[in-house]
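What follows is a single structure, written as C-alpha cells, with notes after it.
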Amino acid sequence: MKNNIFKIIGLLFFFISIVALVSVFGLVGKKDVKPPANEYPLEPNGEKSKTDTPGFEDYFEDNVEAGKTIDSNNNVDEVGEEKDIETGKKPSKNESSKNENTSKNTNVSTPKTDEFINDKSLISSWELLDEAAEAGQSFYSEYFSKTRIITKNGYLYNKASEEKIDVNYLVANGYLSSKFLNKGIEILLLNVDNFSNYDNFRLKQSEEGLTVFASIKHPSKNYYLLTTNKSTGGAISASQYAALLNSYYQNHGIVGRLYSDAEEYGRILNFISMYESKFENYYVRSITTDNKYAMVILSDQDVVSDLKQYILKRNGSVWEVVLSGLETDPRVIITVNKALPDFNLSMVPAYTINDHRTSISRDKSEIISILASKGHIKSSDEIKYICGTSNFCYIVLNNEVKFLCNNIGDGWNISQVASSDDAHRKMLAINKNAPTFIILDR
C-alpha cells in the first residue's frame, strides 16, 4: 500500500515539473516575438505613428523632399504648398513650424526652437502677413502675363503704369480689406534664393525665382517678419533686411550714352568680341551705361540686319557679358528684371528689337530709287550704310551725308539730317517708341 502511495506522489511531482518547465520555456520564447508588420507603435497621444509605416521613409523622400506634401491618407499634393489636413488651407505659423521638411534652408535643424514663428504674441501679425502675401501673389499671378509686373528696388511694381503695388493699391482694388491700412506691411517681390543662408527661415522647395513676400517690423525687436503665400517664412534682423533690399536697388549712378571717342567704348566692344570668340568690325547702334551695367546694341558690318543686344556688368576695369540674345526676346524688361533685378530698367530702350525682326531685312530698293530720283545719289554704290524697318529707314552715304526716311502711307518722306542725334530726335518726335536702333551712333 505504502509503495502505491509513494508511486502516486512521484507521478504528481513528475507532472508538476513538466508543467512548470513548459510554462517557463513558453514565457521565454514570447520575449523574442515581434508585433505584426501592420501594427504601428503609438505616439505619446495614443495615436499610431505614420512615420514607422513600412516603406514610409522611401515614400517621404520621393514626395515630400521633392517639394510635395502628404495628407492623412498618404495623398500627395503636387503643388507643394503647406495645407491644413481638414481645411485645405495654409496652416498657422505654430502648426507649420512643426514640419518643415521641404525647406530650402538646410541650416535649420530644429525648427521648433524658432522663437518668432512660435511666439503666440505674434499670431495676429503672422495672420495679417499671410493674407497680404496671398493678395500680392494673387495680383502677381493675374497680371504677370498681361502686363509688365517687375521688382523695383525689391518692391512689387507695375512697370507699364509706373505704379508701386503696395497695401494701399491692393485695398483700393479689392484684394485686401481696409483693416490692412496703416499696419506697416510691405509687399515685396524677391528671389527666394536670397533666403537660403538665413537661419530659421523656411521656404517650400516648390517656390523659386521671383516670389511675392509680405513683411512687417517686429513690434518690439529689431527684426522683420516675412512670409509668402505658400511657406512659413521667418524673421531676419533689421540690418539683414536693409542689406537685402539694398541688393535690389537699381540706381547705380548717372545713366548716359557712350560714344566712340570714350575710352570705355572700345573696351566694351573688345569684351564682346572675346565673349563671341571672334573679332569683327561692328556697326554700333547704342551703348548706354551707368556705374555698374552697360546695355549694348550692335551688328556686324557685314550683316547690318543681324542685330545683337547685350548686357555687360562691370567689375573694376573688366566688363563681362551677363545677358545676351535679348534681340529675340519679346519681353525684354521682364527677362532682364528676373535675371538682374538691380538693373536700372531706364537703360532698356522703349522699342523691342524682336518686334521688327521680320522687317529689318526687307528690300530697300524702293527707298534707293527715291534717293536717286531726287538726285541725292547716282547709284547704290554711293551708300555706305542703310538700315530700316517698315516705317523708318536711316542712310549714310560714303561722303557721310545722312538721311532719315519715314513711311507716310503712300510713300516715303526723305529728309537730310545733320547727325545721328538729329535723326534720333526726329524719330522720337514721330513715335516715342520708334526703332532708333536703325541709327548708327556716329
Side-chain angles (χ1 to χ4, degrees), residues 150-155 157 159 188-198 208-210 236-301 306-329 332-350 353 420-421 436-437 439-442:
I150 64 167
T151 177
K152 183 174 182 180
N153 300 326
Y155 296 92
Y157 192 82
K159 179 62 177 173
L188 311 172
L189 185 60
L190 307 172
N191 193 317
V192 296
D193 290 341
N194 296 143
F195 293 83
S196 61
N197 294 321
Y198 292 138
E208 58 184 5
L210 291 177
I236 59 177
S237 69
S239 61
Q240 289 174 324
Y241 186 78
L244 177 62
L245 292 186
N246 187 61
S247 69
Y248 285 79
Y249 191 55
Q250 296 179 352
N251 189 341
H252 307 295
I254 297 173
V255 174
R257 286 189 65 175
L258 288 183
Y259 292 94
S260 56
D261 58 347
E263 179 181 355
E264 214 62 40
Y265 182 99
R267 290 175 57 78
I268 289 173
L269 294 183
N270 286 336
F271 281 107
I272 291 176
S273 293
M274 287 188 286
Y275 172 79
E276 295 289 357
S277 298
K278 61 181 181 179
F279 292 87
E280 302 284 351
N281 292 318
Y282 295 117
Y283 275 144
V284 178
R285 316 309 170 82
S286 64
I287 298 180
T288 307
T289 66
D290 59 15
N291 292 335
K292 186 172 184 178
Y293 293 105
M295 169 73 76
V296 181
I297 299 171
L298 50 72
S299 71
D300 295 346
Q301 290 188 6
D306 188 19
L307 287 158
K308 304 291 185 184
Q309 187 172 9
Y310 304 90
I311 292 179
L312 293 87
K313 184 178 180 180
R314 185 175 189 168
N315 184 11
S317 60
V318 175
W319 288 92
E320 177 189 3
V321 174
V322 289
L323 271 182
S324 62
L326 295 173
E327 68 280 354
T328 62
D329 196 314
V332 174
I333 283 180
I334 299 301
T335 297
V336 172
N337 189 245
K338 277 190 169 186
L340 305 168
D342 68 329
F343 184 87
N344 190 336
L345 295 175
S346 68
M347 295 167 61
V348 178
I353 295 176
S420 59
D421 287 339
T436 55
F437 60 78
I439 302 173
L440 279 177
D441 68 347
R442 56 174 185 264

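Treat the numbers as computed from the prediction; the structure is a model and nothing was measured.
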Q: Please check if atom NZ in Lys159 has more than 12 non-hydrogen atoms from other residues, nucleotides or ligands closer than 6.0 Å.
A: yes

**Q.** Asn344 side chain reached by Lys292 side chain, heavy atoms, under 4.5 Å
**A.** no

Q: May I ask you to decide if Ser273's main-chain N or O and Glu280's side chain share a donor-acceptor pair within less than 3.5 Å?
A: no

Q | Non-hydrogen side-chain atoms of Val296 and Trp319 separated by less than 4.5 Å | A | no

(Q) If you define the side chain from C-beta out and look only at heavy atoms, does anything of Pro349 sit under 4.5 Å from Ile297? (A) yes

Q) Under 4.5 Å between any side-chain heavy atoms of Arg257 and Ser286, yes or no? A) yes

(Q) As a quick check of understanding, evaluate side-chain contact (heavy atoms from CB on, under 4.5 Å) for Ser299 and Leu307, giving each step before the final call. (A) CA-CA 5 Å; Ser299 71; Leu307 287 158; 4.3 Å; yes

Q: Drop me the distance from Lys308's NZ to Ile353's CD1, to the nearest 0.5 angstrom.
A: 10.5 Å

Q) Can Lys278 and Asp300 be said to form a side-chain contact (heavy atoms from CB on, under 4.5 Å), step by step? A) CA-CA 11 Å; Lys278 61 181 181 179; Asp300 295 346; 3.8 Å; yes

Q: Using the side-chain contact (heavy atoms from CB on, under 4.5 Å) rule, pick out the option among Leu210, Asp329, Ile150 that qualifies with Ile334.
A: Ile150

Q.
Measuring only between side-chain heavy atoms, which start at C-beta, is Tyr310 closer than 4.5 Å to Ile268?
A. no

Q: Step by step, work out the side-chain contact (heavy atoms from CB on, under 4.5 Å) result for Leu188 and Leu245.
A: CA-CA 9 Å; Leu188 311 172; Leu245 292 186; 4.2 Å; yes

Q: Heavy atoms only: give me the nearest Ser420-Leu440 pair and the separation to one decimal.
A: CB-O, 3.1 Å

Q: Check whether any side-chain N or O of Thr288 sits under 3.5 Å from a backbone N or O of Met347 as a donor-acceptor pair, and report yes or no.
A: no

Q. Do Asn337 and Tyr157 get their side chains close enough for a donor-acceptor pair, meaning under 3.5 Å?
A. no

Q. For atom OH of Tyr259, is the number of surrounding heavy atoms from other residues, nucleotides or ligands below 6.0 Å larger than 12?
A. yes

Q: Search all heavy atoms of Tyr248 against all heavy atoms of Gly154 and return the closest pair with its distance.
A: CB-N, 3.4 Å

Q | Closest non-hydrogen atom pair, Arg285 against Phe437 | A | NH1-O, 2.9 Å

Q. When rounded to the nearest 0.5 angstrom, what distance separates CZ in Arg314 from CG in Asp290?
A. 10.0 Å

Q.
To the nearest 0.5 Å, what is the distance between CD1 on Ile333 and CG on Leu326?
A. 11.0 Å

Q: Report the distance from atom CG of Asn291 to atom CG of Asn251, rounding to the nearest 0.5 Å.
A: 9.0 Å

(Q) Walk me through whether Tyr198 and Leu244 qualify under side-chain contact (heavy atoms from CB on, under 4.5 Å). (A) CA-CA 11 Å; Tyr198 292 138; Leu244 177 62; 4.0 Å; yes

Q. Under 4.5 Å between any side-chain heavy atoms of Val321 and Phe271, yes or no?
A. no

Q.
With rounding to the nearest 0.5 angstrom, report the CG to OG1 distance, Leu340 to Thr335.
A. 10.5 Å

Q: Evaluate the side-chain proximity of Tyr283 to Arg442: yes if any heavy-atom separation is below 4.5 Å, no if none is.
A: yes

Q: Verify, without hydrogens or angle tests, whether Glu320 (side chain) and Lys313 (backbone) share a donor-acceptor contact under 3.5 angstrom.
A: no

Q) Below 4.5 Å, heavy atoms only, C-beta onward: do Ile287 and Leu269 meet side chain to side chain? A) yes

**Q.** Gap separating the CD atom of Gln250 from the OG atom of Ser346, nearest 0.5 angstrom
**A.** 8.5 Å

